[in-house]
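This report concerns only the one structure given below.
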There are 2 protein chains.
Amino acid sequence: MTGHTDPNRLFTITELSEEVGATPRAIRFYEAKGLLAPKRAGQNRVYTYRDRARLLIILRGKRLGFSLALIKQYLDLYDADPTRKGQLPHLLRGSRQRIAELEAQRLDLEVTLDELREIEQMTLDAMRRLGVPEPDAGAGS
Amino acid sequence: MTGHTDPNRLFTITELSEEVGATPRAIRFYEAKGLLAPKRAGQNRVYTYRDRARLLIILRGKRLGFSLALIKQYLDLYDADPTRKGQLPHLLRGSRQRIAELEAQRLDLEVTLDELREIEQMTLDAMRRLGVPEPDAGAGS
DNA sequence: AAAGTAGTTGACGTAAAGGTGAAGTGGCGC
DNA sequence: GCGCCACTTCACCTTTACGTCAACTACTTT
């Protein structure tokens, strides 16, 4: 049951790309932009679990529509060394600002969801009134 | 108190652009992409309240990171004529799919927010331990 | 009618986020 | 020591969402 999450496991770029669904080219691109910094074995990139976690964060950020530059700032929050006292206020400001931005985004999201649910309801009502059968929960294809 | 929301009011492109914070160029671009279709007075564009509402939806979609093509699909859900029976199942599928996508996005958003709040807490803890004063709620310039 | 002010189309430019292809390198099997 | 494969860098190609002129038009003011 355990073992497939071996925290010492290393990945090649193609392993990683297949696992997360990104092309090797994209992963190298993220590195070129400073979002990743894998070790090397000779000339080949070698990724740790930590690198993998960062990559997943990058992809999530992209799903949320963030630019790579913004995602980099976010990752920098993770990397900030909490033993360096001077960084702490900056870190606090950074995370609070991102929190505020994301909460605004969540508001937009919920308004949009409400609108869509309203459309869904109106559609269902119209179908009922007009006697259109609901293809409800089809096991597709 | 009433009257400034006159639903018969019309807008020029620059009025509209200033009100919503988009450039005229952008607004024309949305039209070229089929997201807006204002009337014309001679050669000039004339926008109604309905056009304005659509524009606001476009901008909200952009804040959420959607492509204009996707936003167009969303607007088409609004426009779908519910009296045309044949469209109803399609409309239902469309809105349900978008709802599913947005709910996935909301999950991503909440995970990210949780992570940021964790960073914020850890930072606050570290500052307290190290005796760094909190610039808490500054009305900064 | 000339000038000014909005508005219009059209062509071209640009930045971000990659995709794509060329050309070279390193190690393995045999 | 040859072929093969995955890996590398380098350079250009593409799409999206506009910005930036440039030249034209249509009222309005004087």
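Chain letters run A, B, ... following the sequence lines, proteins first, then strands; residues in each count from 1.
A:Leu70 places its CG atom 20 Å from the P atom of C:dA15, with the value rounded to the nearest Å. As rounded to whole Å, 14 Å separates atom P of C:dA15 from atom CZ of A:Phe29. Note: CD (A:Glu15) to P (D:dC5) measures 19 Å, nearest angstrom. Atom CD1 of A:Ile13 and atom P of C:dG18 are 14 Å apart (whole Å). If you measure from atom CG of A:Leu35 to atom P of C:dA16, you get 13 Å, rounded to the nearest angstrom. Per the geometry, CG belonging to B:Leu55 stands 14 Å off C1' belonging to D:dC18, to the nearest Å. In this entry the distance linking CZ of B:Arg63 with C1' of D:dA17 reads 17 Å, nearest Å. One can place CD1 of B:Ile27 at 13 Å from C1' of D:dC18, the figure rounded to the nearest angstrom.
Proximity of A:Tyr30 to the phosphate of C:dG18: a side-chain N or O atom is located under 4.0 Å from OP1 or OP2. For the pair B:Lys62 and D:dT16, the criterion of a side-chain N or O lying under 4.0 Å from OP1 or OP2 is not met. Checking the phosphate oxygens (OP1, OP2) of D:dG19, a side-chain nitrogen or oxygen of B:Thr23 falls inside 4.0 Å. Distances shorter than 4.0 Å separate none of the side-chain N or O atoms of A:Arg28 from OP1 or OP2 on C:dG19.
Looking at the side chain of B:Asn44, the nearest of the listed nucleotides D:dC7, D:dC18, C:dG7 is C:dG7. The side chain of B:Gln43 lies closest to D:dA26 when the candidates are C:dT9, D:dA26, C:dG18. The listed nucleotides are C:dG18, C:dG19, D:dT8; the one nearest the side chain of A:Arg25 is C:dG19. Here the side chain of A:Arg45 is nearest to one of C:dA17, D:dT8, D:dA17, namely D:dT8. Of the listed nucleotides (C:dA17, D:dC18, C:dG19), C:dG19 has the atom at the smallest distance from the side chain of A:Ala26. Closest to the side chain of B:Thr14, from the set C:dG7, D:dA17, D:dT8, is C:dG7. Of the candidate nucleotides D:dT9, C:dG7, C:dT8, C:dG7 has the atom nearest to the side chain of B:Thr12. Nearest nucleotide to the B:Arg40 side chain, out of D:dA17, C:dA17, C:dT9: C:dT9.
Side-chain polar atoms of B:Glu101 and B:Gln105 form no donor-acceptor pair below 3.5 angstrom.
Under a 4.0 Å N-O distance rule, the pair B:Arg128/B:Asp125 qualifies as a salt bridge. Ion pairing of B:Glu31 with B:Arg40 is present here, as a side-chain N (NZ or NE/NH1/NH2) and a carboxylate O approach within less than 4.0 Å. A salt bridge does not link B:Arg117 to B:Glu120: none of the charged nitrogens lies less than 4.0 Å from a carboxylate oxygen.
Geometrically, A:Arg98 engages A:Phe66 in a cation-pi contact defined by less than 6.0 Å to the ring centre and at most 45° from the axis.
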